[in-house]
Student: 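Here it is, the structure in full.
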2 protein chains.
Amino acid sequence: MADSDKTDEVLNQSVQERLLNAAEDIFCEKGFEGTSIRDIAASAGCNIASVNYYFGGKQQLYEQVWKRHLIPMKDSRLQSIEKILLQNTKKHTLEDLIKSFAESFIGSIVDSQKVSNLNKLMAREYINKHLPANMFLEEVMMPTVTAMQKALIEAFPDINEEKIPFIVFSLIGQLVHVVHVRAMFENGIDDLTRKLFDSDEVINHIVKFTCAGIRTYIKENK
Amino acid sequence: MADSDKTDEVLNQSVQERLLNAAEDIFCEKGFEGTSIRDIAASAGCNIASVNYYFGGKQQLYEQVWKRHLIPMKDSRLQSIEKILLQNTKKHTLEDLIKSFAESFIGSIVDSQKVSNLNKLMAREYINKHLPANMFLEEVMMPTVTAMQKALIEAFPDINEEKIPFIVFSLIGQLVHVVHVRAMFENGIDDLTRKLFDSDEVINHIVKFTCAGIRTYIKENK
DNA sequence: CACCTTATTAAACGAGTGTTTAATACGGCA
DNA sequence: TGCCGTATTAAACACTCGTTTAATAAGGTG
(Lines give C-alpha, C1' and ligand atoms only; values in the text may rest on other atoms or scores of the structure.)
Protein backbone atom coordinates (compact mmCIF):
# COMPACT_ATOMS: atom_id res chain seq x y z
CA MET A 1 0.00 0.00 0.00
CA ALA A 2 2.69 2.42 0.98
CA ASP A 3 4.83 1.21 -1.85
CA SER A 4 2.06 1.52 -4.40
CA ASP A 5 1.88 5.20 -3.55
CA LYS A 6 5.36 5.70 -4.81
CA THR A 7 4.49 6.01 -8.44
CA ASP A 8 6.92 7.62 -10.84
CA GLU A 9 4.93 10.80 -10.71
CA VAL A 10 5.22 10.95 -6.96
CA LEU A 11 8.90 10.10 -6.93
CA ASN A 12 9.54 12.91 -9.37
CA GLN A 13 8.40 15.36 -6.76
CA SER A 14 11.00 16.81 -4.47
CA VAL A 15 11.36 15.46 -0.98
CA GLN A 16 9.79 18.62 0.43
CA GLU A 17 6.75 18.26 -1.80
CA ARG A 18 6.36 14.59 -0.99
CA LEU A 19 6.58 15.31 2.70
CA LEU A 20 4.06 18.14 2.48
CA ASN A 21 1.58 16.01 0.54
CA ALA A 22 1.96 13.00 2.78
CA ALA A 23 1.75 15.15 5.88
CA GLU A 24 -1.41 16.82 4.65
CA ASP A 25 -3.15 13.53 4.05
CA ILE A 26 -2.22 12.02 7.39
CA PHE A 27 -2.78 15.17 9.42
CA CYS A 28 -6.23 15.47 7.89
CA GLU A 29 -7.03 11.90 8.75
CA LYS A 30 -5.57 11.59 12.20
CA GLY A 31 -5.01 15.11 13.49
CA PHE A 32 -1.80 16.61 14.80
CA GLU A 33 -1.18 14.46 17.86
CA GLY A 34 -2.41 11.34 16.15
CA THR A 35 0.17 11.67 13.40
CA SER A 36 3.78 10.61 13.84
CA ILE A 37 6.58 11.82 11.67
CA ARG A 38 7.48 8.18 11.16
CA ASP A 39 4.13 7.69 9.43
CA ILE A 40 4.68 10.77 7.33
CA ALA A 41 8.21 9.82 6.33
CA ALA A 42 7.16 6.30 5.44
CA SER A 43 4.29 7.55 3.30
CA ALA A 44 6.57 10.07 1.60
CA GLY A 45 9.20 7.40 1.05
CA CYS A 46 12.02 9.13 2.84
CA ASN A 47 13.86 9.16 6.12
CA ILE A 48 12.42 10.47 9.37
CA ALA A 49 15.28 12.90 9.74
CA SER A 50 14.22 14.62 6.54
CA VAL A 51 11.35 16.24 8.37
CA ASN A 52 13.75 18.02 10.67
CA TYR A 53 16.27 18.60 7.91
CA TYR A 54 13.84 20.42 5.62
CA PHE A 55 11.24 21.83 7.97
CA GLY A 56 12.86 21.98 11.38
CA GLY A 57 10.37 19.73 13.09
CA LYS A 58 6.88 18.32 13.14
CA GLN A 59 5.32 21.56 14.29
CA GLN A 60 6.80 23.61 11.49
CA LEU A 61 5.88 21.00 8.91
CA TYR A 62 2.32 21.26 10.13
CA GLU A 63 2.41 25.01 9.73
CA GLN A 64 3.74 24.72 6.19
CA VAL A 65 0.95 22.30 5.32
CA TRP A 66 -1.47 24.99 6.35
CA LYS A 67 0.28 27.91 4.74
CA ARG A 68 -0.04 26.24 1.35
CA HIS A 69 -3.82 26.48 1.62
CA LEU A 70 -4.75 29.33 3.90
CA ILE A 71 -4.34 32.15 1.42
CA PRO A 72 -6.00 30.34 -1.50
CA MET A 73 -8.80 29.30 0.83
CA LYS A 74 -9.31 32.84 2.02
CA ASP A 75 -9.11 34.20 -1.51
CA SER A 76 -11.64 31.68 -2.76
CA ARG A 77 -14.12 32.79 -0.15
CA LEU A 78 -13.52 36.46 -0.71
CA GLN A 79 -13.88 36.01 -4.44
CA SER A 80 -17.15 34.18 -4.01
CA ILE A 81 -18.43 37.32 -2.31
CA GLU A 82 -16.99 39.75 -4.80
CA LYS A 83 -18.17 37.69 -7.73
CA ILE A 84 -21.73 38.49 -6.75
CA LEU A 85 -21.25 42.07 -5.67
CA LEU A 86 -19.30 43.09 -8.76
CA GLN A 87 -21.88 41.90 -11.22
CA ASN A 88 -22.47 44.89 -13.43
CA THR A 89 -26.17 44.33 -13.18
CA LYS A 90 -27.57 45.53 -9.90
CA LYS A 91 -30.01 42.67 -9.62
CA HIS A 92 -27.96 40.39 -7.43
CA THR A 93 -30.23 39.03 -4.77
CA LEU A 94 -29.55 38.14 -1.18
CA GLU A 95 -29.94 34.53 -2.21
CA ASP A 96 -27.17 34.88 -4.80
CA LEU A 97 -24.73 36.22 -2.26
CA ILE A 98 -25.44 33.59 0.39
CA LYS A 99 -25.40 30.77 -2.11
CA SER A 100 -22.12 31.77 -3.67
CA PHE A 101 -20.52 32.05 -0.26
CA ALA A 102 -21.92 28.75 0.96
CA GLU A 103 -20.66 26.95 -2.11
CA SER A 104 -17.17 28.28 -1.69
CA PHE A 105 -17.26 27.39 2.00
CA ILE A 106 -18.42 23.82 1.68
CA GLY A 107 -16.60 23.31 -1.55
CA SER A 108 -19.26 21.66 -3.60
CA ILE A 109 -17.67 22.71 -6.82
CA VAL A 110 -13.97 22.17 -7.04
CA ASP A 111 -11.82 19.47 -5.52
CA SER A 112 -14.46 18.51 -3.02
CA GLN A 113 -12.49 15.70 -1.44
CA LYS A 114 -9.48 17.86 -0.68
CA VAL A 115 -11.59 20.73 0.57
CA SER A 116 -13.50 18.33 2.77
CA ASN A 117 -10.31 16.97 4.28
CA LEU A 118 -9.00 20.43 4.96
CA ASN A 119 -12.26 21.44 6.54
CA LYS A 120 -12.02 18.45 8.79
CA LEU A 121 -8.53 19.43 9.81
CA MET A 122 -9.76 22.95 10.32
CA ALA A 123 -12.47 21.65 12.60
CA ARG A 124 -9.78 19.99 14.69
CA GLU A 125 -7.86 23.22 14.75
CA TYR A 126 -10.91 24.96 16.16
CA ILE A 127 -10.65 22.85 19.25
CA ASN A 128 -7.02 21.87 19.67
CA LYS A 129 -4.85 24.67 18.48
CA HIS A 130 -1.49 23.75 17.01
CA LEU A 131 -0.97 26.72 14.76
CA PRO A 132 0.95 29.67 16.17
CA ALA A 133 -1.10 32.40 17.85
CA ASN A 134 -4.29 32.76 15.88
CA MET A 135 -2.85 32.26 12.44
CA PHE A 136 -5.90 30.55 11.06
CA LEU A 137 -8.21 32.93 12.81
CA GLU A 138 -6.51 36.05 11.58
CA GLU A 139 -5.59 34.91 8.08
CA VAL A 140 -8.78 33.15 7.09
CA MET A 141 -11.65 33.44 9.50
CA MET A 142 -11.56 37.12 10.35
CA PRO A 143 -11.05 38.36 6.76
CA THR A 144 -13.85 36.10 5.60
CA VAL A 145 -16.23 37.18 8.32
CA THR A 146 -15.35 40.83 7.84
CA ALA A 147 -15.78 40.66 4.08
CA MET A 148 -19.14 38.97 4.44
CA GLN A 149 -20.30 41.53 6.94
CA LYS A 150 -19.20 44.38 4.71
CA ALA A 151 -20.86 42.83 1.68
CA LEU A 152 -24.16 42.51 3.50
CA ILE A 153 -24.02 46.06 4.77
CA GLU A 154 -23.16 47.56 1.42
CA ALA A 155 -25.38 45.50 -0.80
CA PHE A 156 -28.38 45.39 1.49
CA PRO A 157 -28.41 48.61 3.49
CA ASP A 158 -31.92 47.85 4.70
CA ILE A 159 -30.57 45.26 7.10
CA ASN A 160 -30.20 46.37 10.69
CA GLU A 161 -26.46 46.91 10.76
CA GLU A 162 -25.79 46.01 14.35
CA LYS A 163 -27.26 42.56 13.79
CA ILE A 164 -24.93 41.75 10.92
CA PRO A 165 -22.34 39.97 13.09
CA PHE A 166 -25.03 37.67 14.41
CA ILE A 167 -26.28 36.94 10.93
CA VAL A 168 -22.83 35.98 9.70
CA PHE A 169 -22.37 33.93 12.83
CA SER A 170 -25.51 31.93 12.09
CA LEU A 171 -24.54 31.39 8.49
CA ILE A 172 -21.05 30.18 9.27
CA GLY A 173 -22.35 28.08 12.14
CA GLN A 174 -24.54 26.16 9.74
CA LEU A 175 -21.77 25.76 7.17
CA VAL A 176 -19.26 24.54 9.71
CA HIS A 177 -21.86 22.16 11.05
CA VAL A 178 -22.14 20.56 7.64
CA VAL A 179 -18.46 19.74 7.82
CA HIS A 180 -18.76 18.37 11.33
CA VAL A 181 -21.75 16.20 10.64
CA ARG A 182 -20.11 14.82 7.53
CA ALA A 183 -17.03 13.99 9.56
CA MET A 184 -19.13 12.30 12.23
CA PHE A 185 -20.98 10.13 9.78
CA GLU A 186 -18.11 9.35 7.48
CA ASN A 187 -18.52 5.70 8.42
CA GLY A 188 -22.01 4.31 8.10
CA ILE A 189 -24.47 7.10 7.54
CA ASP A 190 -28.15 6.54 8.00
CA ASP A 191 -30.95 7.66 5.73
CA LEU A 192 -31.78 10.77 7.66
CA THR A 193 -28.35 12.28 7.41
CA ARG A 194 -27.35 11.02 3.98
CA LYS A 195 -28.96 14.05 2.43
CA LEU A 196 -26.42 16.23 4.21
CA PHE A 197 -23.84 14.78 1.87
CA ASP A 198 -25.77 16.05 -1.09
CA SER A 199 -24.29 19.51 -1.28
CA ASP A 200 -27.01 20.91 -3.50
CA GLU A 201 -29.83 20.08 -1.15
CA VAL A 202 -28.01 21.31 1.95
CA ILE A 203 -26.93 24.52 0.31
CA ASN A 204 -30.40 25.22 -1.01
CA HIS A 205 -31.76 24.77 2.48
CA ILE A 206 -29.14 26.94 4.14
CA VAL A 207 -29.68 29.69 1.57
CA LYS A 208 -33.45 29.68 2.02
CA PHE A 209 -33.29 29.36 5.79
CA THR A 210 -30.62 32.02 6.21
CA CYS A 211 -32.18 34.56 3.91
CA ALA A 212 -35.43 34.27 5.79
CA GLY A 213 -33.56 34.83 9.02
CA ILE A 214 -31.76 37.83 7.60
CA ARG A 215 -34.95 39.45 6.40
CA THR A 216 -36.14 39.45 9.99
CA TYR A 217 -33.64 42.19 10.58
CA ILE A 218 -34.71 44.47 7.76
CA LYS A 219 -35.41 47.93 9.10
CA GLU A 220 -39.01 49.09 9.17
CA ASN A 221 -38.23 52.53 7.76
CA LYS A 222 -37.44 52.51 4.10
CA MET B 1 -1.27 24.22 43.73
CA ALA B 2 -1.92 20.50 43.52
CA ASP B 3 -1.64 20.26 47.30
CA SER B 4 -4.02 23.12 47.85
CA ASP B 5 -6.64 21.15 45.99
CA LYS B 6 -6.56 18.45 48.57
CA THR B 7 -8.90 20.12 50.99
CA ASP B 8 -10.62 18.03 53.62
CA GLU B 9 -13.74 18.01 51.53
CA VAL B 10 -11.93 16.58 48.56
CA LEU B 11 -10.05 14.02 50.59
CA ASN B 12 -13.31 12.80 52.05
CA GLN B 13 -14.35 11.66 48.62
CA SER B 14 -13.53 8.16 47.57
CA VAL B 15 -10.58 7.55 45.31
CA GLN B 16 -12.93 6.77 42.45
CA GLU B 17 -14.75 10.05 42.86
CA ARG B 18 -11.55 12.02 43.13
CA LEU B 19 -10.21 10.38 40.00
CA LEU B 20 -13.41 11.02 38.08
CA ASN B 21 -13.50 14.68 39.07
CA ALA B 22 -9.84 15.27 38.37
CA ALA B 23 -10.08 13.41 35.07
CA GLU B 24 -13.07 15.46 34.00
CA ASP B 25 -11.29 18.75 34.66
CA ILE B 26 -8.11 17.79 32.85
CA PHE B 27 -9.79 16.01 29.97
CA CYS B 28 -11.94 19.10 29.40
CA GLU B 29 -8.91 21.34 29.43
CA LYS B 30 -6.44 19.29 27.42
CA GLY B 31 -8.43 16.67 25.57
CA PHE B 32 -7.93 12.92 25.62
CA GLU B 33 -4.47 12.62 24.11
CA GLY B 34 -3.22 15.71 25.88
CA THR B 35 -4.03 14.27 29.26
CA SER B 36 -1.76 11.78 31.00
CA ILE B 37 -2.92 9.51 33.77
CA ARG B 38 0.01 10.82 35.78
CA ASP B 39 -1.55 14.28 35.67
CA ILE B 40 -4.89 12.89 36.71
CA ALA B 41 -3.47 10.82 39.55
CA ALA B 42 -1.43 13.75 40.82
CA SER B 43 -4.45 16.03 40.78
CA ALA B 44 -6.56 13.42 42.49
CA GLY B 45 -3.83 12.82 45.05
CA CYS B 46 -3.41 9.13 44.46
CA ASN B 47 -1.17 6.67 42.68
CA ILE B 48 -1.09 6.19 38.92
CA ALA B 49 -1.89 2.52 39.31
CA SER B 50 -5.23 3.46 40.87
CA VAL B 51 -6.56 4.39 37.46
CA ASN B 52 -6.03 0.87 36.22
CA TYR B 53 -7.06 -0.66 39.55
CA TYR B 54 -10.45 1.04 39.66
CA PHE B 55 -11.26 1.71 36.03
CA GLY B 56 -9.13 -0.66 34.00
CA GLY B 57 -7.29 2.00 32.07
CA LYS B 58 -7.28 5.53 30.73
CA GLN B 59 -9.81 4.78 28.03
CA GLN B 60 -12.36 3.36 30.41
CA LEU B 61 -11.87 6.20 32.86
CA TYR B 62 -12.63 8.58 30.02
CA GLU B 63 -15.81 6.69 29.25
CA GLN B 64 -16.91 6.82 32.88
CA VAL B 65 -16.32 10.56 32.94
CA TRP B 66 -18.75 10.83 30.08
CA LYS B 67 -21.32 8.38 31.37
CA ARG B 68 -21.79 10.52 34.47
CA HIS B 69 -23.11 13.33 32.29
CA LEU B 70 -24.55 11.90 29.11
CA ILE B 71 -27.89 10.82 30.49
CA PRO B 72 -28.50 13.99 32.55
CA MET B 73 -27.45 16.05 29.56
CA LYS B 74 -29.82 14.23 27.27
CA ASP B 75 -32.61 14.40 29.84
CA SER B 76 -32.10 18.11 30.31
CA ARG B 77 -32.53 18.71 26.63
CA LEU B 78 -35.51 16.45 26.29
CA GLN B 79 -37.16 18.09 29.27
CA SER B 80 -36.60 21.53 27.78
CA ILE B 81 -38.67 20.37 24.85
CA GLU B 82 -41.39 18.69 26.87
CA LYS B 83 -41.60 21.60 29.26
CA ILE B 84 -42.95 23.71 26.44
CA LEU B 85 -45.12 21.11 24.76
CA LEU B 86 -46.80 19.95 27.93
CA GLN B 87 -47.93 23.38 29.02
CA ASN B 88 -51.63 22.92 29.64
CA THR B 89 -52.32 26.10 27.77
CA LYS B 90 -52.13 25.61 24.04
CA LYS B 91 -50.53 28.96 23.46
CA HIS B 92 -46.91 27.85 23.32
CA THR B 93 -45.29 29.55 20.40
CA LEU B 94 -42.56 28.38 18.09
CA GLU B 95 -40.34 30.92 19.79
CA ASP B 96 -40.97 29.32 23.20
CA LEU B 97 -39.93 25.92 21.96
CA ILE B 98 -36.75 27.06 20.24
CA LYS B 99 -35.75 29.29 23.12
CA SER B 100 -36.21 26.62 25.75
CA PHE B 101 -34.18 24.17 23.71
CA ALA B 102 -31.43 26.66 22.99
CA GLU B 103 -31.11 27.54 26.65
CA SER B 104 -30.76 23.93 27.69
CA PHE B 105 -28.23 23.37 24.91
CA ILE B 106 -25.95 26.26 25.65
CA GLY B 107 -26.52 26.02 29.35
CA SER B 108 -27.18 29.61 30.19
CA ILE B 109 -29.10 28.69 33.29
CA VAL B 110 -27.44 26.13 35.51
CA ASP B 111 -23.82 25.50 36.24
CA SER B 112 -22.64 27.36 33.19
CA GLN B 113 -18.94 26.79 33.77
CA LYS B 114 -19.27 23.02 34.01
CA VAL B 115 -21.63 22.84 31.05
CA SER B 116 -19.22 24.97 29.06
CA ASN B 117 -16.31 22.68 29.84
CA LEU B 118 -18.30 19.63 28.87
CA ASN B 119 -19.40 21.27 25.66
CA LYS B 120 -15.80 21.94 24.85
CA LEU B 121 -14.92 18.33 25.47
CA MET B 122 -17.88 17.36 23.36
CA ALA B 123 -16.61 19.56 20.57
CA ARG B 124 -13.36 17.63 20.70
CA GLU B 125 -15.27 14.37 20.62
CA TYR B 126 -17.00 15.49 17.43
CA ILE B 127 -13.67 15.49 15.68
CA ASN B 128 -11.44 12.98 17.44
CA LYS B 129 -13.53 10.12 18.64
CA HIS B 130 -12.42 8.35 21.80
CA LEU B 131 -15.74 7.04 22.99
CA PRO B 132 -16.74 3.56 21.89
CA ALA B 133 -18.73 3.25 18.68
CA ASN B 134 -21.08 6.19 18.56
CA MET B 135 -21.93 6.31 22.25
CA PHE B 136 -22.31 10.05 22.35
CA LEU B 137 -24.10 10.12 19.05
CA GLU B 138 -26.61 7.46 19.99
CA GLU B 139 -27.14 8.35 23.62
CA VAL B 140 -27.35 12.13 23.36
CA MET B 141 -27.34 13.53 19.86
CA MET B 142 -29.79 11.25 18.14
CA PRO B 143 -32.41 11.24 20.92
CA THR B 144 -32.18 15.00 21.12
CA VAL B 145 -32.49 15.51 17.38
CA THR B 146 -35.31 13.02 17.13
CA ALA B 147 -37.22 14.58 20.01
CA MET B 148 -36.84 18.03 18.54
CA GLN B 149 -38.01 16.85 15.15
CA LYS B 150 -41.02 15.13 16.68
CA ALA B 151 -41.88 18.18 18.75
CA LEU B 152 -41.83 20.42 15.71
CA ILE B 153 -43.98 18.06 13.68
CA GLU B 154 -46.57 17.56 16.38
CA ALA B 155 -46.80 21.09 17.69
CA PHE B 156 -46.57 22.84 14.37
CA PRO B 157 -48.13 20.59 11.74
CA ASP B 158 -48.12 23.41 9.24
CA ILE B 159 -44.41 22.98 8.72
CA ASN B 160 -43.34 21.02 5.67
CA GLU B 161 -42.48 17.74 7.34
CA GLU B 162 -39.72 16.62 5.03
CA LYS B 163 -37.77 19.78 5.79
CA ILE B 164 -37.77 19.19 9.53
CA PRO B 165 -34.36 17.43 9.59
CA PHE B 166 -32.80 20.39 7.86
CA ILE B 167 -34.41 22.81 10.27
CA VAL B 168 -33.09 20.95 13.30
CA PHE B 169 -29.72 20.74 11.60
CA SER B 170 -29.58 24.50 11.21
CA LEU B 171 -30.64 25.09 14.79
CA ILE B 172 -28.10 22.72 16.28
CA GLY B 173 -25.43 24.01 13.92
CA GLN B 174 -25.84 27.49 15.33
CA LEU B 175 -25.88 26.26 18.93
CA VAL B 176 -22.78 24.14 18.49
CA HIS B 177 -21.10 27.08 16.82
CA VAL B 178 -21.64 29.16 19.93
CA VAL B 179 -19.66 26.59 21.88
CA HIS B 180 -16.91 26.51 19.29
CA VAL B 181 -16.54 30.26 19.01
CA ARG B 182 -16.46 30.60 22.77
CA ALA B 183 -13.73 27.98 22.91
CA MET B 184 -11.75 29.76 20.20
CA PHE B 185 -11.91 33.10 21.91
CA GLU B 186 -11.46 31.94 25.45
CA ASN B 187 -8.23 33.91 25.58
CA GLY B 188 -8.43 37.52 24.50
CA ILE B 189 -11.79 38.15 22.93
CA ASP B 190 -12.38 41.22 20.86
CA ASP B 191 -15.36 43.52 20.98
CA LEU B 192 -17.15 41.96 18.05
CA THR B 193 -17.30 38.52 19.51
CA ARG B 194 -17.70 39.42 23.15
CA LYS B 195 -21.42 39.55 22.68
CA LEU B 196 -21.40 35.87 21.86
CA PHE B 197 -20.53 35.26 25.49
CA ASP B 198 -23.69 37.01 26.52
CA SER B 199 -26.04 34.08 26.38
CA ASP B 200 -29.18 36.17 26.40
CA GLU B 201 -28.29 38.15 23.31
CA VAL B 202 -27.08 35.13 21.34
CA ILE B 203 -30.10 33.08 22.27
CA ASN B 204 -32.50 35.84 21.36
CA HIS B 205 -30.85 36.13 17.99
CA ILE B 206 -30.85 32.41 17.33
CA VAL B 207 -34.51 32.15 18.29
CA LYS B 208 -35.55 35.01 16.05
CA PHE B 209 -33.35 33.92 13.17
CA THR B 210 -34.33 30.27 13.37
CA CYS B 211 -38.05 30.85 13.70
CA ALA B 212 -37.98 33.03 10.63
CA GLY B 213 -36.15 30.28 8.78
CA ILE B 214 -38.64 27.70 9.96
CA ARG B 215 -41.62 29.72 8.83
CA THR B 216 -40.20 29.61 5.32
CA TYR B 217 -41.26 25.99 5.27
CA ILE B 218 -44.83 26.49 6.35
CA LYS B 219 -47.13 24.85 3.87
CA GLU B 220 -49.23 27.09 1.67
CA ASN B 221 -52.42 25.13 2.20
CA LYS B 222 -53.96 25.63 5.59
C1' DC C 1 41.46 14.18 -9.35
C1' DA C 2 40.55 16.53 -4.74
C1' DC C 3 37.34 19.45 -2.49
C1' DC C 4 33.19 21.10 -0.63
C1' DT C 5 28.45 21.72 -0.09
C1' DT C 6 24.15 19.48 -0.06
C1' DA C 7 21.25 15.10 0.69
C1' DT C 8 20.22 11.03 2.77
C1' DT C 9 20.66 7.44 5.88
C1' DA C 10 20.71 4.16 10.14
C1' DA C 11 21.20 4.46 14.70
C1' DA C 12 20.87 6.26 19.08
C1' DC C 13 19.04 9.45 22.50
C1' DG C 14 16.05 11.06 26.07
C1' DA C 15 11.73 11.99 27.47
C1' DG C 16 7.05 10.64 27.96
C1' DT C 17 3.33 7.32 27.58
C1' DG C 18 -0.14 3.53 29.54
C1' DT C 19 0.17 -0.53 31.88
C1' DT C 20 1.82 -4.20 34.95
C1' DT C 21 4.02 -6.16 38.86
C1' DA C 22 5.23 -7.35 43.26
C1' DA C 23 5.60 -5.69 47.69
C1' DT C 24 3.52 -3.37 51.51
C1' DA C 25 -0.17 -1.38 54.54
C1' DC C 26 -4.73 -1.43 56.21
C1' DG C 27 -8.90 -3.25 58.57
C1' DG C 28 -12.33 -6.35 59.80
C1' DC C 29 -13.11 -11.13 61.49
C1' DA C 30 -12.33 -15.68 63.51
C1' DT D 1 -3.17 -12.91 67.78
C1' DG D 2 -3.25 -14.76 62.98
C1' DC D 3 -5.44 -14.64 58.75
C1' DC D 4 -7.29 -12.66 54.53
C1' DG D 5 -9.26 -9.74 51.05
C1' DT D 6 -8.90 -4.99 49.83
C1' DA D 7 -6.21 -0.79 48.96
C1' DT D 8 -2.16 1.61 47.96
C1' DT D 9 2.37 2.15 46.67
C1' DA D 10 7.11 2.51 44.22
C1' DA D 11 9.29 0.54 40.70
C1' DA D 12 9.84 -1.50 36.44
C1' DC D 13 8.29 -2.60 31.79
C1' DA D 14 7.56 -2.10 27.02
C1' DC D 15 6.61 1.04 23.81
C1' DT D 16 6.19 5.37 20.98
C1' DC D 17 7.43 9.78 20.27
C1' DG D 18 10.29 13.92 18.19
C1' DT D 19 14.78 15.05 17.72
C1' DT D 20 19.76 14.60 17.15
C1' DT D 21 23.97 12.64 15.63
C1' DA D 22 27.50 11.01 12.96
C1' DA D 23 28.51 8.60 8.99
C1' DT D 24 27.88 8.01 4.14
C1' DA D 25 26.49 9.23 -0.70
C1' DA D 26 25.84 12.40 -4.48
C1' DG D 27 26.99 16.05 -7.47
C1' DG D 28 28.90 20.01 -9.02
C1' DT D 29 33.33 23.16 -9.12
C1' DG D 30 38.17 24.28 -8.93
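Within every chain, numbering begins at 1; the chains are lettered A, B, ... in the order of the sequence lines, protein sequences first and strands thereafter. This one's a predicted model, so the numbers in the text were calculated from it and none came from an experiment.
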Student: Is the closest side-chain donor-acceptor distance between Lys99(B) and Asn204(B) under 3.5 Å?
Tutor: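 Judged by distance alone, the side chains do pair up.
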
Student: Sugar-phosphate atoms are those with a prime plus P, OP1 and OP2; base atoms are the rest. Using that split, label each nucleotide of nucleotides 22-28 of chain D B, S or - for protein heavy atoms under 4.0 Å, 5' to 3'.
Tutor: -------

Student: Pick base, sugar-phosphate or nothing for Tyr54(B), based on heavy-atom distances below 4.0 Å to the nucleic acid.
Tutor: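 Here Tyr54(B) touches the backbone only, sparing every base.
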
Student: Asp39(B) CG to dT17(C) P: how many Å, rounded?
Tutor: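 The answer, rounded to whole Å, is 6 Å.
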
Student: Looking at every heavy atom in both Ile214(A) and Ile167(A), which two are closest together, and how far apart are they?
Tutor: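 Ile214(A) and Ile167(A) have their closest heavy atoms at CG1-CG2, 3.4 Å.
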
Student: Can you name the residues that form a ring pair (Phe, Tyr, Trp, His ring centres under 6.0 Å) with His130(B), not counting sequence neighbours?
Tutor: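 For His130(B) the ring pair (Phe, Tyr, Trp, His ring centres under 6.0 Å) partners, ignoring immediate neighbours, are Phe32(B).
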
Student: May I ask you to decide if Tyr53(B)'s main-chain N or O and Ser50(B)'s side chain share a donor-acceptor pair within less than 3.5 Å?
Tutor: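 Side chain of Ser50(B) to backbone of Tyr53(B), a donor-acceptor pair under 3.5 Å: no, none is there.
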
Student: Is a side-chain N or O of Thr144(A) found less than 3.5 angstrom from the main chain of Val140(A), in a donor-acceptor match?
Tutor: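 Yes; judged by distance alone, with no hydrogens or angles, the pair exists.
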
Student: In residues 56-68 of chain A, which ones come under 4.0 Å of DNA chain D, going by heavy atoms?
Tutor: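 Per residue number, the list reads Gly57(A), Lys58(A).
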
Student: Does CD belonging to Glu161(A) count more than 12 external heavy atoms closer than 6.0 Å?
Tutor: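 No - once you tally the heavy atoms of other residues, nucleotides and ligands closer than 6.0 Å, there are 12 at most.
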
Student: Which salt bridge (Lys or Arg N to Asp or Glu O under 4.0 Å) pairs, counting each pair once, include a residue from residues 19-45 of chain A, with sequence neighbours left out?
Tutor: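 Of all non-adjacent pairs touching residues 19-45 of chain A, those that pass salt bridge (Lys or Arg N to Asp or Glu O under 4.0 Å) are Glu24(A)-Arg68(A), Glu24(A)-Lys114(A).
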
Student: Would you indicate whether Glu95(B), at its atom CD, is surrounded by more than 12 heavy atoms from other residues, nucleotides or ligands within a distance under 6.0 Å?
Tutor: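 For Glu95(B), atom CD is crowded (more than 12 foreign heavy atoms under 6.0 Å).
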
Student: Over 60° means perpendicular and under 30° means parallel, so tell me whether Tyr62(B) and Trp66(B) are parallel, tilted or perpendicular.
Tutor: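 Rings of Tyr62(B) and Trp66(B): perpendicular, as their planes differ by over 60°.
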
Student: Any residue in residues 29-36 of chain B with a heavy atom nearer than 4.0 angstrom to DNA chain D? Just list them by number, or reply none.
Tutor: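 Close to the strand, none.
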
Student: Does NZ or CZ of Arg77(B) lie under 6.0 Å from the centre of the six-membered ring of Phe101(B), at an angle within 45° of the ring axis?
Tutor: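 Verdict for Phe101(B): no cation-pi partner in Arg77(B).
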
Student: Taking atom C1' of dC17(D) as reference, at what distance in whole Å does atom NE2 of His130(A) sit?
Tutor: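 The distance from NE2 of His130(A) to C1' of dC17(D) comes to 15 Å, rounded to the nearest Å.
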
Student: Does the side chain of Glu103(B) pick up a donor-acceptor pair with the side chain of Ser80(B) at under 3.5 Å?
Tutor: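 Checked: Glu103(B)/Ser80(B) side chains show no N/O donor-acceptor pair below 3.5 Å.
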
Student: Tabulated below should be each protein N or O lying under 3.5 Å from an N or O of nucleotides 9-12 of chain C; please produce it.
Tutor:
| from | atom 1 | to | atom 2 | distance (Å) |
| --- | --- | --- | --- | --- |
| dT9(C) | OP2 | Asn47(A) | N | 3.2 |
| dA10(C) | OP2 | Asn47(A) | ND2 | 3.4 |
| dA10(C) | N7 | Asn47(A) | ND2 | 3.3 |

Student: Between Glu63(A) and Gln59(A), does any side-chain donor sit less than 3.5 Å from a side-chain acceptor?
Tutor: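 Side-chain D/A pair, Glu63(A) to Gln59(A): present.
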
Student: If you measure only the distance, is there a donor-acceptor pair under 3.5 Å linking the side chains of Gln79(B) and Ser104(B)?
Tutor: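 The criterion, which ignores hydrogens and geometry beyond distance, is not satisfied for Ser104(B) and Gln79(B).
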
Student: Counting any heavy atom closer than 4.0 Å, what does Val51(B) reach on the DNA or RNA strands: base, sugar-phosphate only, or nothing?
Tutor: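 Counting heavy atoms under 4.0 Å across all strands, no contact is made by Val51(B).
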
Student: For Ile40(B) and dG16(C), what is the distance between atoms CD1 and C1' respectively, to the nearest whole Å?
Tutor: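 One finds 15 Å between C1' of dG16(C) and CD1 of Ile40(B), rounded.
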
Student: In whole Å, what is the span from the CG atom of Asn52(B) to the P atom of dT19(C)?
Tutor: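 Asn52(B) atom CG is separated from dT19(C) atom P by 5 Å.
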
